[in-house]
Amino acid sequence: MKKKRVIVGLSGGVDSSVAAYLLKEQGYEVIGLFMKNWHDDSVTISNECPWLDDSNDAMLVADKLGIPFQTVDLSEQYKERIVDYMFHEYEKGRTPNPDVLCNREIKFDVFMKIALDLGADYVATGHYCRKHTIEKDGKQIHQLLAGADANKDQSYFLCQLSQEQLAKALFPIGELQKPEVREIAAQQGLITAEKKDSQGLCFIGKVRLPEFLQQQLKPKEGIIVEVSDDFQAYNQELPKFQSKTEELQYLSKKISYKKQDGKVVGKHQGAHYFTKGQRKGLAVGGTVEPLFVIDTNVEDNIIYTGQGKQHPGLFKKVLFVSNDELHWVREDLKLQIDETMDVMARIRYRQPLQKATLYQVDSGMYVEFQEPQSAITEGQFVAWYLNDELVGSGVIS
């Protein structure tokens with residue numbers, strides 16, 4: 001019986017190193033592949049995880065494990081699919097999530113195709129999540145489950161994967177806790193055992209995001225407006241609704257602020273560099289509590305802010321996802337029009353899961369949270385779960 005071949009995305013970090021080791025132990029034929037996704041070092045912060053160190057570490061790990069290793073240059077596809085998408089989203093005044101996209105478009109698409117061309121049966125990564133396969137109506141269905149280490153669970157970043165992609169994916173460290181992963185790496189003498197977890201854009205390392213954006217998005221000076229927490233829009237009586245859909249539509253609508261709704265407290269260099277809930281970079285002093293961005297208007301180039309993280313302008317209970325940005329990992333659970341589903345959901349990585357209800361309508365889906373959520377941000381992903389299974393996701397519109 002021929003061994004199954006697995007291609008591991010070796011990133012030069014401890015997680016993917018241990019993933020490769022475990023697969024080898026499980027009897028797979030393992031090949032390590034390092035993805036080079038970036039070659040413009042002018043925007044990475046010099047000695048913070050440049051790709052050269054990482055590819056060296058990946059190579060040393062492969063050498064230690066006695067597995068073949070090669071580097072693939074995906075920087076062209078990365079630019080097209082991730083970098084250009086980010087600029088496009090920022091220009092629209094939305095806040096993109098490149099890590100979610102990177103998994104859908106690069107690791108489990110471009111990279112996966114290369115792997116399959118190399119005769120791989122599976123592609124493996126060092127993500128903290130798990131995959132289970134169940135039988136339903138005679139068909140195999142792949143479940144995407146949270147990682148066993150609740151602190152490190154990365155299922156959110158894989159929320160856009162499809163059944164086809166999951167069918168070919170393996171997540172060898174999903175059942176482990178992070179300290180166990182480091183321990184295995186140390187026992188096996190892998191050079192990455194003590195290496196810090198990388199931050200920043202997947203594979204680019206730490207990017208100076210404002211400068212990175214400024215290369216493409218020209219600075220333009222605008223005003224910062226502070227909206228007081230007793231602004232009338234926050235204290236309106238709710239109208240009488242004819243239907244649940246009408247209520248959801250009303251609650252999901254964003255307040256459209258005008259310059260005269262507050263006072264001008266400062267200047268900024270471009271509304272498209274700011275995101276909802278942001279506190280840093282406003283450089284306005286003299287307020288009792290720090291200012292938070294409650295909204296940005298890229299057309300008028302105005303940033304609206306409010307004092308303190310309890311400011312009512314930050315909170316909303318309902319968000320909307322349009323049909324073309326709606327994705328079910330579990331296609332078999334997809335809602336039909338007028339159907340609802342009680343779920344646990346999150347609107348950003350690391351956020352504790354929140355109780356919510358999904359409502360499918362003609363044009364898309366509403367997600368109604370039990371508790372108001374802070375800084376629901378257009379362009380980010382909402383992901384929903386049944387117990388510890390991620391069943392679907394969508395882009396917040």
Side-chain angles (χ1 to χ4, degrees), residues 4-35 58 61-62 65 67 99-116 120-134 140-185 188 190 192 197-198 202-203 327 329-330 346 349-350 381 383 385-393:
K4 294 257 192 209
R5 177 179 291 176
V6 183
I7 293 199
V8 183
L10 281 181
S11 66
V14 66
D15 299 328
S16 60
S17 307
V18 171
Y21 164 74
L22 293 171
L23 290 166
K24 208 183 153 201
E25 288 295 285
Q26 288 159 19
Y28 290 102
E29 178 201 347
V30 182
I31 298 172
L33 225 55
F34 177 84
M35 291 172 249
V61 165
L65 295 174
I67 59 174
D99 292 304
V100 171
L101 256 290
C102 183
N103 285 314
R104 182 182 86 192
E105 299 286 334
I106 303 292
K107 291 182 209 167
F108 291 94
D109 189 40
V110 179
F111 182 75
M112 191 172 255
K113 288 192 173 90
I114 292 171
L116 299 175
D121 298 290
Y122 296 105
V123 163
T125 60
H127 281 104
Y128 285 86
C129 63
R130 295 168 298 155
K131 173 178 113 173
H132 281 183
T133 303
I134 54 173
Q140 278 207 335
I141 290 179
H142 305 290
Q143 298 178 295
L144 175 62
L145 306 175
D149 185 337
N151 255 329
K152 281 280 168 197
D153 166 39
Q154 289 173 314
S155 55
Y156 176 80
F157 289 132
L158 300 168
C159 69
Q160 287 277 297
L161 294 193
S162 64
Q163 284 293 311
E164 293 72 54
Q165 289 170 315
L166 277 173
K168 301 275 182 209
L170 294 177
F171 308 112
I173 64 170
E175 301 285 352
L176 300 174
Q177 305 290 316
K178 182 77 185 206
E180 297 178 283
V181 170
R182 288 207 183 277
E183 202 173 302
I184 292 170
Q188 298 308 314
L190 302 179
T192 51
D197 289 352
S198 68
C202 72
F203 296 125
H327 172 74
V329 177
R330 288 287 303 272
R346 58 168 54 106
Y349 175 54
R350 313 283 308 163
F381 289 85
Y385 294 74
L386 294 173
N387 300 319
D388 62 351
E389 179 183 2
L390 194 160
V391 293
S393 67

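Heavy atoms only: backbone and side chains are in, while hydrogens, waters and symmetry mates are out.
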Show the nearest heavy-atom pair for residues [X] and [Y], with the distance to one decimal.
X      : Y      : result
Leu144 : Cys129 : CD1-SG, 4.1 Å
Leu10  : Ala62  : CD1-CB, 4.1 Å
Val30  : Ile67  : O-CB, 3.4 Å
Asp153 : Ala146 : OD1-CA, 3.3 Å
Phe34  : Ser11  : CE1-O, 3.6 Å
Phe111 : Ile7   : CZ-CG2, 4.0 Å

Open item on the list: Would you call the rings of Tyr349 and Phe157 parallel, tilted or perpendicular, taking 30° and 60° as the class edges?
Closed with: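 The arrangement is tilted - the two ring planes meet at 30° to 60°.
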- [ ] Would you mind listing every side-chain hydrogen bond (donor to acceptor under 3.5 Å, both in side chains) that reaches into residues 23-35, with sequence neighbours excluded?
- [x]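 Matches after skipping sequence neighbours: Arg5-Glu29.
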Task: Pair Asp197 + Arg182: basic N to acidic O under 4.0 Å - done: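 Yes, charged N to carboxylate O under 4.0 Å.
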Supply the atom-to-atom distance [X] [atom1] to [Y] [atom2], rounded to the nearest 0.5 angstrom.
X      : Y      : atom1 : atom2 : answer
Lys168 : His142 : NZ    : NE2   : 9.0 Å
Thr125 : Leu170 : OG1   : CG    : 9.0 Å
Ser17  : Ile184 : OG    : CD1   : 11.5 Å
Gln165 : Arg104 : CD    : CZ    : 8.5 Å

Task: Result of checking Lys152, His127, Gln154, Lys178 against Asp15 for side-chain hydrogen bond (donor to acceptor under 3.5 Å, both in side chains) - done: Lys178
Minimum side-chain heavy-atom gap [X]-[Y] below 4.5 Å:
X      : Y      : answer
Leu190 : Leu65  : yes
Leu390 : Leu158 : no
Arg330 : Gln163 : yes
Leu22  : Leu176 : yes
Gln160 : Ser393 : yes
Ile173 : Tyr21  : no

Open item on the list: Arg130: which residues meet the side chain to side chain contact (heavy atoms under 4.5 Å, CB included) condition with it, sequence neighbours left out?
Closed with: Leu145, Glu175, Asp388
Open item on the list: Please determine whether side-chain contact (heavy atoms from CB on, under 4.5 Å) holds for the pair Asn151 and Tyr128, giving the CA-CA distance in whole Å, both sets of side-chain angles, and the decisive distance to 0.1 Å.
Closed with: CA-CA 10 Å; Asn151 255 329; Tyr128 285 86; over 6 Å; no
Open item on the list: Once side-chain hydrogen bond (donor to acceptor under 3.5 Å, both in side chains) is applied, do any residues pair with Lys131, and if so which ones, sequence neighbours excluded?
Closed with: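 Expected list: none.
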TODO: Walk me through it: do Tyr122 and Leu23 pass the test side-chain contact (heavy atoms from CB on, under 4.5 Å)?
DONE: CA-CA 11 Å; Tyr122 296 105; Leu23 290 166; over 6 Å; no
TODO: Please confirm whether the backbone N or O of Leu386 pairs with a side-chain atom of Glu389, one donor and one acceptor, at under 3.5 Å?
DONE: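 No; judged by distance alone, with no hydrogens or angles, the pair does not exist.
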